[in-house]
Amino acid sequence: MAKATVSLPQGTRDFSAEVVRKRNYIFNTIRNVFELYGFAPLETPAMENLDTLMGKYGEEGDKLIFKILNNGLDNPAKHDQIRTDFEKVLEGKNTKNVTERALRYDLTIPFARYVAMNYGQLTLPFKRYQIQPVWRADRPQKGRYREFYQCDADVVGSTSLLNEVELSNIYATVFATLGIDVEIRINSRKILAALAEICGGADKMTDITIAIDKLNKIGIEKVKEELAQRGLDETQIITIEKYLAIDGSNEEKLAAATALIGNAERGKAGVEEIEYILNYSQLITNNSKLIIDFTLARGLNYYTGLIFEIKAKGVQMGSIGGGGRYDDLTGLFGVPNVPGVGISFGVDRIYDVMEELELFPETVHKGVKVLFFNLGEQESKTAFALMQQLRNNNIGCELFHEATKMEKQFKYADKKQIPFAIIIGSKELEEGTCVIKNLVSGEQKTVLQTALLQEFS
RNA sequence: GAGGGUGUAGCUCAGUAGGUUAGAGCGACAGUUUGUGGCACUGUAGGUCGUGGGUUCGAGACCCAUCAUUCUCCCCA
C-alpha cells in the first residue's frame with residue numbers, strides 16, 4: 001500500500017473522542033451558566049463579507065484574516081478584468097472580483113454586524129452568547145492555532161454597571177464549577193486614560209497601555225525604556241512608575257490610585273466604577289477572587305471602561321479569559337451609540353489548565369456500558385434481541401461484530417473501557433440464561449435472560 | 001514579518017568520529033491445542049531514513065535548496 005501523504009492544514013487539529021468529550025464538558029458548563037444568567041445563543045456564518053471584517057482589527061489584524069478566493073475565476077469572459085484586478089492584489093489591495101468573502105476572525109465583529117442589521121427588532125439590553133470557531137492566518141505556536149473556539153457573552157444597549165457585576169459573577173461561577181482556582185483581575189480603562197492625561201496627554205494613551213501591558217513579561221526597567229522611546233519625559237515616567245508600584249489590598253490600591261490620579265475626572269470615575277463592582281460582588285461571590293490590577297491594560301483599543309482578565313492559579317499559563325466595556329461597537333456599521341460590555345473564555349487554554357491540574361471528572365468518559373459477546377449465529381441472534389431491549393431502556397450496548405475467540409472480544413472491551421460483558425454461548429442459549437461479567441472486578445454471575453434488564457436498572 | 005529546533009517502522013525515539021544486511025520499546029497480527037481478557041513467552045509483518053541536488057570510493061549522518069512540522073519574538077485567544 002502506498003504510504004499515506006495526507007496531512008492537516010497548519011495550525012488545525014483533529015479532536016479524538018476523548019478530547020471532544022472533555023471539550024464539550026467545558027463548553028456545556030459555560031453554556032449552562034450563560035443561559036442561567038439570561039443570555040441567549042447566537043450563531044453566525046463561518047464566512048463574512050470581506051468588507052465587514054477589513055479595517056476592524058488594525059493593520060496587523062487585516063493581514064491575519066483568511067480570505068476566500070472567488071469562484072468562477074476561470075471564466076474566459078472575465079479573464080482580462082481578473083488579470084487587472086489580480087495586479088491590485090499583488091500590491092496588497094483587495095478587490096471584489098478576486099475575493100469578497102473571508103473567514104470569521106472573531107465573534108465580536110460578526111455580533112456587531114448582527115446587532116446593526118437587527119437593531120430594530122432587538123429587545124434591549126440584548127444579551128447574547130456565542131460559541132463558535134474562528135480562524136486566523138497567524139503563525140501557530142504553543143497554545144495558538146489557526147482554528148480555535150471562542151466563547152463570548154456580551155450585553156449591548158445598557159451602560160449599567162450591573163452588567164459588569166453579572167459578567168464577573170459568570171466568570172466566578174464557571175470557574176468554580178470547573179474547579180479552577182482563578183483570580184479575576186480588574187481595572188478601568190478610565191484610570192489608564194486619566195494616567196495618560198497626566199502624563200503627556202490623551203494621545204499617549206495607546207503608547208502607555210501598550211508599554212504597561214508588557215510589565216509582567218519584560219519588567220519595570222524595560223517598560224521605562226519603552227516609554228522613553230515612545231516620547232515620554234522623565235517626570236511622566238516617574239508618575240507611571242509610581243502608578244505601577246501601587247500594591248496592597250484592593251482598598252489600599254484604590255486609596256493610592258485616588259491620591260495619584262483622583263483629581264482627573266476620569267480617574268475618579270474609574271475608581272468609583274471599581275468600588276461599585278467590588279461592593280456588589282461582595283454580596284454574591286467570594287470577593288477575594290476579584291483583584292484590582294492597575295497594570296492590566298488589555299491590547300484591544302476599543303475598550304473604554306472596566307476591563308477583566310482571568311488568571312488561573314497554580315499553573316504557568318497566560319490569561320484564560322478576558323473582556324471589558326466598549327462604548328460604540330456598532331458605529332462602524334451605521335448604528336451609533338450602542339454601548340456594551342462583554343467577556344470571553346479561552347477554551348483551549350482552559351482545557352490545558354484542567355488537563356495539567358487533572359480536573360476533568362471521571363464521568364466525561366462516557367462510552368457504552370455493555371458488550372455482548374458474539375459466540376455463534378444463533379447465540380448472537382439471542383444477544384441481539386436482548387441488546388435492543390437494553391437500548392430501548394437507554395442502556396448503551398454493542399454486540400461484537402463477528403463470532404471469534406473470546407480473547408479478542410475481551411480485548412475489545414478493554415480498549416473501549418466497557419465495564420460489562422454479557423456472554424451467551426451454546427450452554428446459555430439452551431438454558432435461556434446469560435452470563436454477566438463485571439470486567440473491572442472480574443466477578444460474574446448467571447441470570448435468566450428475562451431478568452437481564454432489571455440487573456441494569 | 002523576523003529568528004531557532006526537528007523530520008528514521010503505525011506511535012515514541014536510538015543510530016557513536018560518514019563504512020557494508022538501519023535498531024529498540026510500545027502498538028498491530030499470529031501462536032502458546034478449540035467457552036473467560038488485562039500478565040508472560042515465542043514468532044510475523046512493517047522503513048527507497050521528508051523531498052531534490054551536491055561532497056565522497058562510500059551519506060540516515062556532512063553541505064545547499066525545498067517542503068512539512070514545532071518553538072520563540074511581534075501580535076494575540
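Lettering follows sequence order; numbering is per chain, from 1.
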From the list A/Val174, A/Ile180, A/Ile310, side-chain contact (heavy atoms from CB on, under 4.5 Å) with A/Ile350 holds only for A/Ile180

Going through the distances and angles, do A/Lys289 and A/Glu183 end up as a salt bridge (Lys or Arg N to Asp or Glu O under 4.0 Å)? CA-CA 5 Å; A/Lys289 284 180 177 169; A/Glu183 287 176 356; over 6 Å; no

Do the side-chain N or O atoms of A/Gln141 get closer than 4.0 angstrom to the phosphate oxygens (OP1, OP2) of B/U70? no

I want to check one thing: is the phosphate of B/G1, taken as OP1 and OP2, less than 4.0 Å away from some side-chain N or O of A/Arg139? yes

Rounding to a whole Å, what distance do you find between A/Arg104:CZ and B/A77:C1'? 15 Å

Taking OP1 and OP2 of B/A68, is either one under 4.0 Å from a side-chain nitrogen or oxygen of A/Gln10? no

To the nearest Å, give me how far apart CG (A/Leu371) and C1' (B/G38) are. 15 Å

Indicate whether any N or O donor in one side chain lies under 3.5 Å from an N or O acceptor in the other, for A/Gln150 and A/Ser344. no

Rounded to whole angstrom, note down the C1' distance from B/G46 over to B/A22. 14 Å

Given the rule in the side chain to side chain donor-acceptor pair (under 3.5 Å) test, do A/Asn28 and A/Arg31 qualify, once you have shown the distances and angles that lead to the verdict? CA-CA 5 Å; A/Asn28 291 338; A/Arg31 193 178 355 255; 3.2 Å; yes

Kindly write out the residues that satisfy ring-ring contact (aromatic ring centres under 6.0 Å, His included) with A/Phe372, not counting sequence neighbours, or none if the list is empty. none

Suppose you measure atom C1' in B/U70 against the same atom in B/G58; what distance do you get, rounded to whole Å? 33 Å

RNA chain B in dot-bracket, Watson-Crick or G-U pairs under 3.5 Å, [ ] crossing, | other strand? (((((((..((((.....[...)))).(((((.......))))).....(((((..]....))))))))))))....

Residues pairing under salt bridge (Lys or Arg N to Asp or Glu O under 4.0 Å) where one sits in residues 143-153 of chain A, two or more places apart or in two chains, turn out to be A/Asp138-A/Arg144

Would you find more than 12 non-hydrogen atoms of other residues, nucleotides or ligands less than 6.0 Å from A/Met47 atom CE? no

Keeping to residues at least two apart or across chains, list the salt bridge (Lys or Arg N to Asp or Glu O under 4.0 Å) pairs with something in residues 438-456 of chain A. A/Lys445-A/Glu455

Separation between the P atoms of B/U34 and B/U16, rounded to whole Å: 48 Å

Using the C1' atom as the point on both nucleotides, what is the distance between B/G15 and B/U33, in whole Å? 42 Å

Is the A/Phe410 ring parallel, tilted or perpendicular to the A/Phe373 ring (thresholds 30°, 60°)? perpendicular

Can you tell me how far P in B/G5 sits from the matching atom in B/C62, rounded to whole Å? 12 Å

Among residues 404-411 of chain A, which contact RNA chain B at a heavy-atom distance under 4.0 Å? A/Lys405, A/Met406, A/Lys408, A/Phe410, A/Lys411

Output the residues of residues 433-443 of chain A in contact with RNA chain B, where contact means a heavy atom of the residue under 4.0 Å from an atom of the strand; sort by number or write none. A/Lys437, A/Leu439, A/Gly442

Work out how far the P atom of B/U48 is from that of B/C11, and round it to whole angstrom. 13 Å

Rounded distance in Å - CD1 (A/Ile210) to P (B/C76): 8 Å

Expected output is a numbered-order residue list: members of residues 20-36 of chain A with a heavy atom under 4.0 Å from any atom of RNA chain B. What is it? none

Got a sec, which residues hit side chain to side chain donor-acceptor pair (under 3.5 Å) with A/Asp85, two or more places apart in sequence or on another chain? A/Gln81, A/Asn97

Could you list the donor-acceptor pairs under 3.5 angstrom formed by side chains in residues 376-387 of chain A, with sequence neighbours left out?
residue	atom	partner	partner atom	Å
A/Ser380	OG	A/Gly376	O	3.0
A/Ser380	OG	A/Glu377	O	2.9
A/Thr382	OG1	A/Gln378	O	3.4

In whole angstroms, how far is the P atom of B/G1 from the CD atom of A/Glu59? 14 Å

For A/Tyr412 and B/C29, what is the distance between atoms OH and P respectively, to the nearest whole Å? 13 Å

Interatomic distance where CD belongs to A/Glu226 and C1' belongs to B/C75 [whole Å]: 13 Å

Determine which pairs satisfy salt bridge (Lys or Arg N to Asp or Glu O under 4.0 Å) with at least one residue from residues 41-53 of chain A, sequence neighbours left out, and list them in order. A/Glu48-A/Arg113, A/Asp51-A/Lys96

Distance to the ring centre below 6.0 angstrom and angle to the axis at most 45 degrees; does that hold for A/Arg23 and A/Phe15? yes

In whole angstrom, give me the gap between the C1' atoms of B/G1 and B/G60. 34 Å

Ring pair (Phe, Tyr, Trp, His ring centres under 6.0 Å) contacts in which one or both residues fall within residues 437-457 of chain A, not counting sequence neighbours: A/Phe420-A/Phe456

Would you please confirm or rule out a distance under 4.0 Å between OP1 or OP2 of B/G5 and any side-chain N or O of A/Lys142? no

Going by the rule ring-ring contact (aromatic ring centres under 6.0 Å, His included), which residues pair with A/Tyr145 if we only count those two or more places apart in sequence or in a different chain? none

